[in-house]
Each structure stands twice: as structure tokens, then as C-alpha cells.
Amino acid sequence: MPETSARNAGHAVADELRRHGVTEIFGQDSPEWLYEAIDPEVIRPVIMRDERSAGFAADAVARLTRRPAVACGIHGPGALNLTTALFEAREANSPLVALVSDVETTVRGRGAFQEVDLLGVVAPIVKWAARPERAEDVAPAVARALRTSVSGCPGPVLVALPNDVLGGTVETERASQNAPFAAPAGIAPALAARAAAMLDQARSPVVLLGNGARIAGAGAAATELAERLSAPIILTAMARGVITETHPLYAGVAGFMSDGPGGSGSVANPLLAAADVVLVVGSDLDGATTDGGRLPGPQAVVIRVDVDPDRLARSPRDQFPIAADAGVALEAINKELAAVQSGSRDRSAVTSELGRRWAAVGAAQAAMASSGPAISPARVYAELREVLPKDALAVCDAGYSSMWALSALTVGRDVSAITYGRAAGTLGFGLPGAIGAQVAHPDRRVVAVVGDGGMGFTWGELETLARERLPVVVVVLNNGCFAYQRLWHDLNDGRRRWLDFADVRHDHLASAVGIPGWRVTDPGRLTDALRAAFAQDGPAVIDVVIDPEATPPFNAGRHVGR
């Protein structure tokens, strides 16, 4: 018989988190009954300065580990602060679990201080939300939230926990095993056979892997299939890490954020445009990936695998839809391909052409890195590649810092994994995301690359970094302005107004909380600063003053009106 004891529902929540493999939570000590119940030897509480940052930190953990991660907040404005992070997590299909306090059931609807209809606010954003009304309903609600966050197409969930309910007495079961999650969705053999036949008959097939393929851990199966077909493997921005990008069939990141000279999209996009059959795995073919619907080309037959049937139904493209888990579907298609193929196709022509295109990308990036007396972001990334430990994790903010990373960092060569606030383009993700990444992977070095615009959202988390003694190296690309907004006005014959910042010394902000900081204005001193920062056994900040006119390697004309 399981051992039970009379405890409050906060202990029941802590038990459910432990049973589901949660090892850290991010927030501000609320819901208080939960924080009272947590054993810090089992679940590490990381106190953040802002609930939005707590959400970003947990989101990064969820993306990098592919398991539920928890952010907490207090009712009212604290819980509302989490909604930005919930939206980013929704767009990233990230299993972010928000546990927030709520006003007592006895005063609800009577003008209670900080009362808000949080479930009504978050309903359009999250997969599922609940407010248990009795102490005995708390543990089942939290268990359902954790399972829901990772079932089917993963996404964020929220449980509001009224203070009196969470403090109520319950009989809690002490279980040591993790609760099982749902089995992956299968694929009908006839669908797998038809998809295999279409791919086998294709003249110029392409494999496009999205975030769903990464979440499903389908990289090995996708690589096997691409090798059978001698097909280029193209990624969406959110699929980075699904394969090792040093593979000879890797063909870059699709879309309009990396399509200029020196951008990985200059490799990917022409291949997508010319393909006759495209196997799309785990991507909703959003506007950024498809260059506003231009990709794949109109002649392409699109075979689309997605675990979410609703997402398949919303696609505007004619397609061959397969509603199934990415890994299960790819394994089945591989099996059928093995049966119809006499052997793998000769891939020398494909890899030779990819090698030529990648050489052009490298040459263009080298030219950008060495041009002019001002520091180009291309140079920052080039020198980062030289000093980063090969198992490092990179976390970038939205904006230019992540757009550069689409082309300037290679997973498997420069870093072991990368994530960024790119799903919804959410500024402020970089620094708290790096905190989450470092907490989840204490044995790896984490670098955060953030623009000064995004850094302005989260300066306060430098104190968190110092207090937790996390060895994150923060590289601030400081161009003194909201650069993307300036570009918009330039492209649309507007005027640059109100977008320039005061001269912010991010190295001084770091020093104010006891973190070593460097400011770099001379390109010749950049390497020394990076080496010194990575030599620290704790956090470090490098404020790099970059060329404010430098733009990532994209076709700027595609951004008119965006």
C-alpha cells in the first residue's frame, strides 16, 4: 500500500512535479504553499526578478530537454506578466507549465485585491487551463497539465491555484515512479507506402524539418530517409538541433530571415523553390519559413507529416497529409523506401552543389566580418566560433541577434544546441533563456547573444545571474538603437525617429551586481575579451559596440511592410 499522510495541497503539487521529472521551477516564491513544500534537494527553485523572465527561463528548459518545465507567478499582475512567455511557448510548441496563485474562493467576485479572470485571459493562448476548487482536485489538475503540455502537439498550459485551496489538507500519495506520457501517434501502412512511392519517384526531392521533428527526436530517422533519397535536408528556424548540421546533406535554414548573401537561406531557399516533391515534417509552414507563401515552389507536391490534424487542415497548400508522430511516420516511410529501392541514390552531385553553395556563404560572411573599422556582428560570431567550447549551448534573443545566428552558428560544429526567442519574435528571451539553459545543463557552458534592445527588457536578471553564480557569458550586440524598426522606416520611405538609445554601459550594469564586464569598441580587442570572459568560473558580460547600420544576411527588400 502507498504511504500517505495528511498534508496540504502544496505538497501534492510538489509530489506531482517530482513524479513527472521536474527538477527546477522559476518564479517569485508564489504560489507560496508550493514553495513551502518544495525540497530544494529535489527541485531547485530559481527566484527571478520578473515573471515574464521566469516564463522564458522555463521555456528554454522545455525546449532543450523536451520535457515539461515550470514557471510560477502570483495572482493578478504577476500572473499576467507570464502571458508573453506563454505566447512565445505556444508558437514554439514548448511544454511550458504555468502554476500561479489565485485569490481565495471565499472572496472571488467580490472585488478582491488583484483579482483577474486569468483563465479567460489565457484561454486563446494555452492548450489547457484549469482552476481547481477543492484541495483534493489540485494534484489531478497539475498531473493533467503536465501530461497535456507534452501530449500530441506540445504547448503551454496553466493551472490557477486559489490560496485557500492550495493550503487545504489532502491525503497525498508518495510515489517514486514518473507518470507515463501518451504513446506517439501511428501511421497507416498505406499512407507510408504512398509517401515512399512519391519520394522514390521524385527527381529533386527535399526534406524540410520543422520544430515538430525536433520535439519528436526524429533527426536520425530523417537523416536516414534523406540519405536514401540523396535529398537536401532543410530546417526551419525552430528546428535547429534536430540533426547535426555538419552532415553533407544539410542545406540551411529556410525563409526570409536568412536569404541574403552569407545567409544559410541562400542555400535552402533555391532548393525549396526548385523541388518537385517536398517532405515537410513537423512544420506549420509559417510565413517566415515560406517567405510569405513563396516556398516551396508552385510545382512541388507537398507531403506533410504533423501530429496535429488541425494544423494539417489549416494548410493553404495542396498536399498529401499524414497525421502522425514525426518519428513514427519517418520510420514507417523508411521501411517502405527500403522495400521499393534497389539501393541508395548517388548523392555526389547533390553534395558537390551544396559544398559550392556553402563555400559562397562562408566567403560572404568572411567579407562581412573583415569590412570597415566598425565591428560587424559577423565578426562577433566569427570570433565566438573560435572560443566557444564545442559542447556549448547558445541562447539568442529575438531580433538581429537570432537572425545572425541562423547562418553564423552551426549546430554540431560551433555549439551543441541553440535556441532563441524566434518563434513569436519575442524580445527579452535571451538572458532569462540562458539562465534556464544553464540551470538545466550545469555541466555545459552557455552563451547568451542579445541585442541591446532585448537586453533592455531584462537588465534585472543580471542580479539573478550573479546570485545564482551561473557561468553564462552574455554578449551584448550594442548598436544603440532598435535597429529592425529603423530598417523598416528606411525600407518604407519613413523617418527614423525616437529609436536611438542613450549610451548604455552594459559592462557597468554587470559590475554593479558583481559580474565581470568588458566593453569592446576596437575589433582588435574582441578576441581577448571573449577569451577572458570564458575563462571566468562564473558569469561574465561583454558589451560589444557594433555598427548600427549592419544588417543580418537577409534580402532587405523582403522585409518591406513586414
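Note that the coordinates shown come from a computational prediction; the quantities given were computed from them, not determined experimentally. What's counted below: heavy atoms across the whole structure, side chains too, no hydrogens, waters or symmetry copies. Residues take their numbers from the sequence shown, with the count starting at 1.
Counting only residues at least two apart or in different chains, ring pair (Phe, Tyr, Trp, His ring centres under 6.0 Å) contacts with residues 421-442 comprise F56-F429. Within the structure, the salt bridge (Lys or Arg N to Asp or Glu O under 4.0 Å) test picks out the following pairs touching residues 535-556 (sequence neighbours left out): R469-D537, R486-E549, R496-E549, R519-D543. The ring pair (Phe, Tyr, Trp, His ring centres under 6.0 Å) contacts involving residues 263-299 comprise nothing, where partners must be two or more places apart or lie in separate chains. For residues 400-423, no pair satisfies salt bridge (Lys or Arg N to Asp or Glu O under 4.0 Å), with sequence neighbours left out.
Looking only at side-chain heavy atoms (C-beta outward), L431 and W459 stay at 4.5 Å or farther from each other. You'll find the side chain of M238 stays beyond 4.5 Å of the side chain of E91, heavy atoms only. Side-chain contact between P471 and Q438 is present, with at least one heavy-atom pair separated by less than 4.5 Å. The shortest distance between side-chain heavy atoms of V474 and H506 does not fall below 4.5 Å. R525 is not listed as a side-chain neighbour of W518, based on a closest heavy-atom distance of 4.5 Å or more. The shortest distance between side-chain heavy atoms of L354 and L271 falls below 4.5 Å.
Taking each heavy atom of G210 and T236 in turn, the nearest pair found is CA-OG1, 3.5 Å. Closest of all the heavy-atom pairs between L406 and A237 is CD2-CB, 3.7 Å. Smallest separation of non-hydrogen atoms from I515 and P539: CG2-O, 3.5 Å.
Using a 4.0 Å cut-off between a side-chain N of Lys or Arg and a carboxylate O of Asp or Glu, R67 and E24 qualify as a salt bridge. Salt bridge annotation for E88-R52: absent, with no cationic side-chain nitrogen under 4.0 angstrom from a carboxylate oxygen.
Listed by chain and residue number, nothing satisfies the side-chain hydrogen bond (donor to acceptor under 3.5 Å, both in side chains) test with N479 (two or more places apart in sequence, or in another chain).
How far OG1 of T83 is from CZ of R90: 12.0 Å, rounded to the nearest 0.5 Å. Here S401 contributes atom OG and D452 contributes atom CG; the two are 10.0 Å apart, rounded to the nearest 0.5 Å. Note: N555 CG to S266 OG = 11.0 Å, rounded to the nearest 0.5 Å. Once rounded to the nearest 0.5 Å, the distance linking CZ of F554 with CH2 of W404 reads 9.0 Å.
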Please set out all donor-acceptor pairs under 3.5 angstrom arising from side-chain atoms of residues 526-536, sequence neighbours excluded.
from, atom 1, to, atom 2, distance (Å)
T527, OG1, E383, OE1, 2.0
Q536, NE2, A532, O, 3.3

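Remark: the backbone N or O of I215 is paired with a side-chain donor or acceptor of R66 at under 3.5 angstrom. The backbone N or O of L285 sits nowhere less than 3.5 Å from a side-chain atom of T289 that would complete a donor-acceptor pair. Judged purely by atom type and a 3.5 angstrom limit, D397 uses its side chain to pair as donor or acceptor with the backbone of G428.
Using the six-membered ring where Trp is involved, Y400 and Y484 have ring planes that are perpendicular, over 60° apart on the 30 and 60° scheme.
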